[in-house]
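Working notes, beginning with the structure itself.
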Amino acid sequence: MSQHKEVKLITTHQLQAMKQRGEKISMLTAYDYSMARILDEAGTDVLLVGDSAANVMAGHETTLPITLDQMIYHAQSVVRGTQRAFVAVDLPFGSYQGNSSEALRSAVRVMKESGAHGLKLEGGAEIKDSVLRILAAGIPVMGHLGLTPQSIYKFGTYTVRAKEEAEAQKLLEDAKLLEELGCFAVVLEKIPAALGRQVAEQLTIPVIGIGAGPHVDGQVLVVHDVLGITKEFKPRFLRRYAELGDLMHQAVTQYVSDVKSRAFPSDAEGY
């Protein structure tokens, strides 16, 4: 029997226990019901309803345009397709940075309207008040440090973050702060592997990496990248486990050909 069958429902408590016993945490993005069902049944521990939906589902260049209403729609779809995995939802740009009251309103809407299990927010000390306000309402919060795509225009590039000592030190301090505030986990994106290891060793909560090396407590990738549905995105940290984009293209090409040639439908495929 595979290991994921042993746990009926992944919770923040389960994720903490996984870190303590050294079991790596698997996390993938999900944006719709059908994909969520597949990922959940395959044993993925955490499904992230990422604001990357702005890129892979809507075709935007950045994550900034996606709205709170759109995130709630995607989260509802994923929750309906999930029986075992922990479902975390990104609070989108502009829904929590302004003030803690707005952050709480956004957080409550996501939780009430989607049925998700927790939220992910980008940033450290600068969003402390928002994190505290959301946590005080009993809503689990996952942090996100390193390359934070909602701040891409501030960074000006998607290059590796925290290579310099000062930025690395701030990241470590922010990670510790998020843990002290009560976050149940932290995502580290595109930072040196040595720094990822340092953060994971110094924090008692799970540290999940995307381009943060092998020594963190778990890994997360965008599912469309993992499955080869997207082609343009080819960072060093991405491993493609399938080339579904090619298979889908071949299948649709054959369908179009069969329709044009009258090979589909056959007499047996009618009533």
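Treat the numbers as computed from the prediction; the structure is a model and nothing was measured. All residue numbers in this chain count up from 1 along the given sequence.
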Short side-chain to backbone donor-acceptor contact, [X] and [Y], under 3.5 Å:
X	Y	result
Lys24	Pro214	yes
Ser95	Pro92	yes
Asp40	Thr82	no
Lys19	Ala200	yes

Query raised in the report: Just wondering, do Thr11 and His117 contact through their side chains at under 4.5 Å, heavy atoms?
Result: no

Query - Within-4.5 Å side-chain heavy-atom neighbours: Tyr96 and Ser106 - result: no

Query raised in the report: Is there a donor-acceptor contact under 3.5 Å linking the side chains of Asp45 and Ser26?
Result: yes

Query raised in the report: Looking just at side-chain N and O atoms, do Asp258 and Gln254 make a donor-acceptor pair shorter than 3.5 Å?
Result: yes

Query raised in the report: If you measure from the Lys or Arg side-chain nitrogens to the Asp or Glu carboxylate oxygens, is any gap between Asp174 and Lys170 under 4.0 Å?
Result: yes

Query - Salt bridge present between Arg109 and Asp69 (N-O < 4.0 angstrom) - result: yes

What's the spacing between [X] [atom1] and [Y] [atom2] if we round to 0.5 Å?
X	Y	atom1	atom2	answer
Ile229	Glu243	CD1	CD	10.5 Å
Leu15	Asp217	CG	CG	10.5 Å
Asn55	Ile66	CG	CD1	8.5 Å
Leu68	Glu113	CG	CD	7.5 Å
Gln70	Asp51	CD	CG	11.5 Å

Report task. For a side chain to side chain contact (heavy atoms under 4.5 Å, CB included) with Leu181, tell me which candidate from Ile134, Val131, Ile127 qualifies. Result -> Val131

Over 12 non-hydrogen atoms of neighbours within 6.0 angstrom of [atom1] in [X]:
X	atom1	result
Tyr73	OH	no
Arg37	CZ	no
Glu269	CD	yes
Tyr158	OH	yes
Arg240	CZ	yes
Lys128	NZ	no

Query raised in the report: Hey, mind stepping through Asp32 and Ser77 against side chain to side chain donor-acceptor pair (under 3.5 Å) and telling me if it holds?
Result: CA-CA 5 Å; Asp32 65 87; Ser77 304; over 6 Å; no

Query raised in the report: Should Ile38 and Val49 be counted in the same cluster of Ile, Leu, Val, Met, Phe, Trp and Tyr side chains packed under 4.5 Å apart?
Result: no

Requested in this report: Check the pair Tyr31 / Ser52 against side chain to side chain donor-acceptor pair (under 3.5 Å), numbers first and verdict last.
Outcome: CA-CA 9 Å; Tyr31 316 101; Ser52 47; 2.6 Å; yes

Requested in this report: Using the side chain to side chain donor-acceptor pair (under 3.5 Å) rule, take Gln150 and Gln97 through it: C-alpha gap first, then chi angles, then the decisive distance, then the call.
Outcome: CA-CA 11 Å; Gln150 290 180 10; Gln97 294 96 336; 3.0 Å; yes

**Report entry** Candidate pair Glu179 and Thr204, rule side chain to side chain donor-acceptor pair (under 3.5 Å), full reasoning
**Finding:** CA-CA 8 Å; Glu179 178 179 57; Thr204 60; 2.5 Å; yes

